[in-house]
Amino acid sequence: QVQLVESGGGLVQPGGSLRLSCAASGNIVSVFDMDWYRQAPGKERELVAGITSGGSTNYADAVKGRFTISRDNAKNTVYLQMNSLKPEDTAVYYCNADILSLTPWLKRPYWGQGTQVTVSS
């Protein structure tokens, strides 16, 4: 029942900006930590940024100072504002959220379908 739907990916020139969104919906009781991961071809999936339900954030060193993660708890949505994009930011970006569902009564991570971000001139 629970699903995460992402939007905002696309093609952008180096130095440009994109804003990714990921909204959770379904049989949700509570949404806990929400995160953004990315995976480039031939590389392992890596954590880009995370945010707790209380608003505490953390970032990978590679994106610190350029990316900002935020959330709207009323909408069960997490955002990733990406500025000063570099070619090495090119990857499929996935959102992840720890969610407690009503039926079954279970807390587990859910994943979005992924959205392609390509930084190229």
- Do N27 and S101 get their side chains close enough for a donor-acceptor pair, meaning under 3.5 Å? no

- Measure the CG-OG distance between L11 and S120 for me, rounded to the nearest 0.5 Å. 6.5 Å

- Item | R19 side chain vs G9 backbone, donor-acceptor pair below 3.5 Å | no

- Query: When you measure from the side chain of E6 to the backbone N and O of L20, does any donor-acceptor pair fall under 3.5 Å?
  - Reply: no

- Using the side chain to side chain contact (heavy atoms under 4.5 Å, CB included) rule, pick out the option among T90, V119, T118 that qualifies with L85. V119

- Residues K86, D89: salt bridge by 4.0 Å N-O rule: no

- Donor-acceptor under 3.5 Å (Q39 side chain, E44 main chain): no

- Value for OH (Y79) from OG (S7), rounded to nearest 0.5 Å, stands at 9.0 Å

- Query: Taking the side chain as C-beta and beyond, is there a heavy-atom pair between N96 and W36 under 4.5 Å?
  - Reply: no

- Are R45 and Y37 linked by a side-chain donor-acceptor pair shorter than 3.5 Å? no

- Task: Determine whether R71 and S53 make a side-chain contact, defined as any pair of heavy atoms from C-beta on separated by less than 4.5 Å.
- Result: yes

- Between R66 (side chain) and S84 (backbone), is there a donor-acceptor pair under 3.5 Å? yes

- Message: For W111 and Y94, take the angle between the two ring planes, folded into 0 to 90°, and tell me which bin it lands in: parallel under 30, tilted 30 to 60, perpendicular over 60.
- Response: perpendicular

- Task: Starting at CD of Q81, measure out to CD1 of I69 and round the result to the nearest 0.5 Å.
- Result: 12.0 Å

- OH/Y110 to OG/S25 distance, rounded to the nearest 0.5 angstrom? 11.0 Å

- Query: With a 4.5 Å heavy-atom cut-off, do L47 and D35 have their side chains touching?
  - Reply: yes

- Message: Quick check for you: to the nearest 0.5 Å, what is the distance between M82 atom CE and L18 atom CG?
- Response: 4.5 Å

- Task: Could you grab the distance from atom CD of Q1 to atom CD1 of I99, nearest 0.5 Å is fine?
- Result: 12.5 Å

- Task: List the steps and the verdict of side-chain hydrogen bond (donor to acceptor under 3.5 Å, both in side chains) for D72 and T77.
- Result: CA-CA 5 Å; D72 185 338; T77 299; over 6 Å; no

